[in-house]
Asks: 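After the structure tokens below, expect a handful of questions from me.
It should be emphasised that the depicted structure is a prediction, and the values quoted were computed from it without experimental measurement. Any value given below was found using the heavy atoms of this structure, including those in side chains, with hydrogens, waters and symmetry copies removed.
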Amino acid sequence: MKANEYLIDFYNSYDEDSRLSFRHGTVEFLTTMRYIEKYIQPGDRVLEIGAGTGRYSHALARQGYAVDAVELVEHNIEVFRKNTLSSENITIRQGNALDLSAFPDDKYDITLLLGPLYHLYNKEDKQQALREAIRVTKQGGVVFAAYVISDGCLLDEGFHRGNINVAQYIENGLLDSQTFAAKSEPKDLFELVRKEDVDDLMKDFPVTRLHYVSTDGCALLMREAIDAMDHDTFQLYLKYHFATCERTDLLGITSHAVDIFKKQAQHPV
């Protein structure tokens, strides 16, 4: 089965909106939106690549921003369109993060790449997706690129919940027995990385990193405790999370991270 076929089959039966609606799932969403709102300005135009069912696209369109969205999976596009309000200035088209030739250079103020890098399994494809996202972003515009982080997933799904058989993953060559670095294939659906992998991907691009953020921190590992919190305790937890989500000693203990960077302006010679 090809990589796209695994992906389409998964999202045809997966409820992404539901994942982000649980209290522990909102931590990732609220953190990412907090950083988007730090940089977005009135009148800005947004492109979301790999928009899924449109949680971020719709949230921004309902704040009055013009949003264009690209999504690979037809099922997700159908849900996206059903969730679109008549007041939204928004478009959605089917497309692939590796080829944004339908979009011109230097058009968008904010570009969101919040899902495609989860499902690309070699450095060349990841860099191609990043290259395309950067290309369509204006000089000085900001790109948000999200990743699935191996250590948070291993702690939560492996050692905590037992959904990952750690010993078997080592035996099958999917985890290094010494470093516990992960290796993924299309049938595994998600590419698991560490910050050093992200740094290696980004080293040759003409960008300036603004933030590297652990977007959900320990939220998945602590999901039952977080879902049981009352309103005030959860607000206090969010305050703690926002205060610590860029601390270098905690960046690996997360299931998702977002790399936020600015496209450098080209100065005339």
Asks: Only pairs at least two apart or in different chains count here, so list each salt bridge (charged side-chain N to carboxylate O under 4.0 Å, His left out) that has a residue in residues 94-106.
Replies: D105-R135, D106-K263
Asks: Students often mix this up, so state it plainly: with edges at 30° and 60°, are the rings of H24 and F22 parallel, tilted or perpendicular?
Replies: parallel
Asks: Are F144 and Y56 joined in one hydrophobic group, where the rule is that I, L, V, M, F, W and Y side chains link up if heavy atoms are under 4.5 Å apart?
Replies: yes
Asks: First locate atom CD of E157, then atom CD1 of I164, and finally report the distance between them rounded to the nearest 0.5 Å.
Replies: 6.0 Å
Asks: Tell me whether R23 is salt-bridged to D227, with the criterion being a basic N under 4.0 Å from an acidic carboxylate O.
Replies: no
Asks: Distance-only check: which donor-acceptor pairs under 3.5 Å involve side-chain atoms of residues 147-155, not counting sequence neighbours?
Replies:
residue, atom, partner, partner atom, Å
D151, OD1, R194, NH2, 3.0
D151, OD2, R194, NE, 2.9

Asks: Could you check if a side-chain atom of L201 sits within less than 4.5 angstrom of a side-chain atom of K123, using non-hydrogen atoms only?
Replies: yes
Asks: Distance-only check: which donor-acceptor pairs under 3.5 Å involve side-chain atoms of residues 202-212, not counting sequence neighbours?
Replies:
residue, atom, partner, partner atom, Å
K203, NZ, D200, OD1, 3.0
T208, OG1, Q264, NE2, 3.4
R209, NE, D259, OD1, 2.7
R209, NH1, D199, OD1, 2.9
R209, NH2, D199, OD1, 3.0
R209, NH2, D259, OD1, 3.3
R209, NH2, D259, OD2, 3.2
H211, ND1, E246, OE1, 3.2
H211, ND1, E246, OE2, 3.0
H211, NE2, Y39, OH, 2.6

Asks: For D232, which residues count as a salt bridge (Lys or Arg N to Asp or Glu O under 4.0 Å) partner, sequence neighbours excluded?
Replies: none
Asks: Applying side-chain hydrogen bond (donor to acceptor under 3.5 Å, both in side chains), which residue pairs with at least one partner in residues 57-66 are found, sequence neighbours left out?
Replies: E37-Q63, E48-S57, H58-E88, R62-E88
Asks: Any non-hydrogen side-chain atom of Q41 less than 4.5 Å from a side-chain atom of D44?
Replies: yes
Asks: Drop me the distance from K239's NZ to T244's OG1, to the nearest 0.5 angstrom.
Replies: 12.5 Å
Asks: Answer yes if the side chains of T53 and N76 hold a donor-acceptor pair under 3.5 Å, and no otherwise.
Replies: no
Asks: Taking only residues at least two apart or on different chains, which pairs with a member in residues 159-174 satisfy salt bridge (charged side-chain N to carboxylate O under 4.0 Å, His left out)?
Replies: D156-R161, R161-E224
